[in-house]
Number of protein chains: 2
Amino acid sequence: MAVRLMAAGVRLDRASEVHFSRFGLSTGRYRLLVDLEDSDGEKSPSRLAKSLGVSRATVTGLVDGLEREGLVTRRASTEDGRGAVVVLTARGAQRLRDMAADHFARLQALVGGLTADERGLFLDLLERITQGIGALTAE
Amino acid sequence: MAVRLMAAGVRLDRASEVHFSRFGLSTGRYRLLVDLEDSDGEKSPSRLAKSLGVSRATVTGLVDGLEREGLVTRRASTEDGRGAVVVLTARGAQRLRDMAADHFARLQALVGGLTADERGLFLDLLERITQGIGALTAE
DNA sequence: AAAGAATTATTAGGGGCCTAACTATTTGGG
DNA sequence: CCCAAATAGTTAGGCCCCTAATAATTCTTT
């Protein structure tokens with residue numbers, strides 16, 4: 001059962017990469033862009049790492065890629081000499097707008113096989129399983 | 001909702017890596033070992049790729065790692081001049097036995113929060129969502 | 001039987017993720 | 001005030017996974 005959940009997770013993850021690659025993004029880069037958009041277009045790498053649930057080193061890599069494509073910019077923080085700020089560019093914001101319709105249509109199709117009640121139930125069960133994940137890493 | 005499923009999948013995947021790393025394995029290498037065990041200890045790379053749902057190139061990498069640790073061996077196929085056969089070594093079989101108790105105890109704890117009925121329900125819903133995954137890659 | 005198509009495994013190169021180590025800066029306790 | 005500890009970002013190196021290209025072999029088709 002854990003095996004099937006993992007398999008489903010991996011398949012979804014794999015399909016996501018295909019989906020996002022149509023827009024020149026990856027799942028990680030897309031998530032970073034959305035996070036940035038939700039933060040008025042500016043956020044430090046370490047705060048991004050925390051909210052995305054990945055390491056700071058991973059954020060460095062994602063930002064490298066996004067910067068190369070001009071979807072994001074880096075600048076030094078004015079308050080903290082150590083800090084940096086990642087800034088969403090106009091091009092980056094446009095990219096998100098461009099993919100919105102297709103993205104949400106596909107998400108809709110993904111969960112369309114379930115009723116609203118079933119979705120709620122599923123999320124509840126998923127939540128409880130998620131809590132058990134700690135058992136794998138305990139000790 | 002797809003987001004949460006993906007997040008759960010990723011978290012489980014991440015936790016799995018931690019779990020398997022205790023035995024010097026990764027999720028992929030463990031799955032390959034089990035697959036091999038279920039096939040009387042011998043199987044070709046391409047059949048492994050198919051049953052594991054990864055590319056042949058990935059199997060090459062996994063076998064490289066397992067061979068380096070002496071858990072697996074390669075030999076040429078006798079029937080097909082192109083083919084190879086991956087063979088589970090005694091050490092590989094032993095590794096699986098060594099981790100069995102801990103592995104199943106943790107799996108048990110993972111799904112322990114749900115009743116048998118709930119697990120069945122969850123798997124059913126998961127199955128139906130899995131069918132929707134195609135929507136992400138369609139066209 | 002011979003040429004072209006398909007299949008097998010591998011290599012090369014890429015992306016995403018990680019941990020550990022490094023540099024620069026800020027913070028906080030004595 | 002000063003020095004140790006914490007924090008910020010990056011780099012280096014590793015693993016897993018992918019696609020595309022490669023060489024060897026087998027199959028198919030005429």
Side-chain angles (χ1 to χ4, degrees), chain A residues 6-7 9-33 43-69 72-87 137, chain B residues 6-7 9-21 23-33 43-50 52-69 72-87 137:
Chain A
M6 216 166 352
V10 167
R11 281 187 54 185
L12 184 54
D13 201 57
R14 217 63 70 68
S16 274
E17 295 300 342
V18 172
H19 169 51
F20 289 120
S21 73
R22 267 189 284 260
F23 300 93
L25 295 175
S26 66
T27 307
R29 289 183 190 175
Y30 173 77
R31 291 184 59 220
L32 195 153
L33 241 37
K43 205 168 187 177
S44 75
S46 45
R47 286 183 54 222
L48 282 166
K50 192 160 294 179
S51 57
L52 293 173
V54 301
S55 68
R56 290 198 309 273
T58 295
V59 169
T60 297
L62 294 175
V63 171
D64 282 351
L66 289 167
E67 195 172 34
R68 228 178 292 132
E69 309 241 335
V72 125
T73 303
R74 262 185 258 245
R75 68 167 170 74
S77 166
T78 51
E79 305 103 23
D80 190 329
R82 300 164 298 184
V85 179
V86 181
V87 183
T137 53
Chain B
M6 216 168 347
V10 168
R11 281 186 57 184
L12 184 56
D13 200 58
R14 217 63 71 67
S16 276
E17 294 300 341
V18 172
H19 169 51
F20 289 119
S21 72
F23 299 92
L25 295 174
S26 67
T27 307
R29 290 184 190 176
Y30 173 76
R31 291 183 61 219
L32 195 154
L33 242 37
K43 206 168 188 178
S44 76
S46 46
R47 286 184 53 221
L48 282 167
K50 193 160 292 178
L52 293 174
V54 301
S55 68
R56 289 197 309 270
T58 295
V59 169
T60 297
L62 293 176
V63 172
D64 282 350
L66 289 167
E67 196 172 33
R68 227 179 291 130
E69 309 239 336
V72 126
T73 303
R74 262 185 258 244
R75 68 167 171 73
S77 166
T78 51
E79 305 103 24
D80 191 329
R82 299 164 299 183
V85 179
V86 182
V87 184
T137 53

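Throughout, a chain's letter reflects where its sequence line sits, starting with A, and its residues are numbered from 1.
Out of C:dT10, C:dC17, D:dC16, the shortest distance to the side chain of B:S26 is found at D:dC16. Listed nucleotides D:dG9, D:dC16, C:dT10 differ in distance to A:A84; the shortest reach to its side chain belongs to D:dG9. Closest contact between the side chain of A:S44 and the listed nucleotides D:dG9, C:dC18, D:dC17 involves D:dG9.
In this structure, the separation between OG1 on B:T60 and CD on B:E67 is 11.0 Å, given to the nearest 0.5 Å. Annotation: the span from B:R56 atom CZ to B:S44 atom OG amounts to 10.0 Å, rounded to 0.5 Å. Here OG of A:S26 is found 7.5 Å from CG of A:L66. Values are rounded to the nearest 0.5 Å. Atom OG1 of residue B:T27 and atom CD of residue B:E17 lie 3.5 Å apart, to the nearest 0.5 angstrom. Here the CG-CZ distance, from B:L33 to B:F23, works out to 12.5 Å after rounding to the nearest 0.5 Å.
In DNA chain C, runs of at least 3 stacked Watson-Crick or G-U pairs (N1-N3 plus N6-O4 or O6-N4, or N1-O2 plus O6-N3, all under 3.5 Å) give these stems: C:1-30 with D:1-30.
Residue A:S46 places at least one side-chain N or O under 4.0 Å from the OP1 or OP2 atom of D:dG9. Proximity of A:S55 to the phosphate of C:dC18: a side-chain N or O atom is located under 4.0 Å from OP1 or OP2. Put simply, A:T58 has no side-chain N or O that comes within less than 4.0 Å of OP1 or OP2 on C:dG16.
Backbone-only contact: B:G83 has heavy atoms under 4.0 Å from sugar-phosphate atoms and none from a base. Counting any heavy atom pair closer than 4.0 Å across all strands shown, A:R74 reaches sugar-phosphate atoms only and no base atom.
As a whole-Å value, the separation of A:L25 CG from C:dG16 C1' is 14 Å. Between the CZ atom of B:R47 and the C1' atom of C:dA9 there is a distance of 16 Å, rounded to whole Å. Computed from coordinates, the B:E67 CD to D:dC15 P distance equals 15 Å when rounded to whole Å. In this entry the distance linking CZ of A:R31 with C1' of C:dG15 reads 16 Å, nearest Å. The distance between atom CG of B:L52 and atom P of D:dC17, rounded to the nearest whole Å, is 9 Å. Here the C1' atom of nucleotide C:dG16 and the CG atom of A:L33 are 16 Å apart, to the nearest Å. One atom, CG of B:D64, and another, P of C:dT10, lie 7 Å apart when rounded to the nearest Å. When the P atom of C:dA9 is taken as reference, atom CZ of B:R75 falls 12 Å away, rounded to whole Å.
The two atoms that bring A:S51 and A:K43 nearest to each other are OG-NZ, 3.2 Å, heavy atoms only.
For B:R82, the side-chain hydrogen bond (donor to acceptor under 3.5 Å, both in side chains) partners two or more places apart in sequence, or in a different chain, are B:D80. For A:V54, the side chain to side chain contact (heavy atoms under 4.5 Å, CB included) criterion is met by A:L52, A:T58, A:V59, not counting sequence neighbours. Residues meeting the salt bridge (charged side-chain N to carboxylate O under 4.0 Å, His left out) test with A:E69, sequence neighbours left out: none. Here A:V87 pairs with A:E42, A:T73, A:R75, A:V85 under the side chain to side chain contact (heavy atoms under 4.5 Å, CB included) rule; sequence neighbours left out.
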Expected string for nucleotides 21-27 of chain C under the B/S/- scheme (protein heavy atoms, under 4.0 Å, primed atoms plus P, OP1, OP2 as sugar-phosphate) is ---BBS-

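Between B:R31 and B:L25 the shortest side-chain heavy-atom distance does not fall below 4.5 Å.
Within the structure, the salt bridge (charged side-chain N to carboxylate O under 4.0 Å, His left out) test picks out no pair touching residues 45-54 of chain A (sequence neighbours left out).
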What protein N or O atoms touch nucleotides 12-14 of chain C N or O atoms at under 3.5 angstrom, if any, and at what distances?
none

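Map B:G53 and A:T60 each onto its nearest nucleotide of DNA chain D; the residue landing nearer the 5' end is A:T60.
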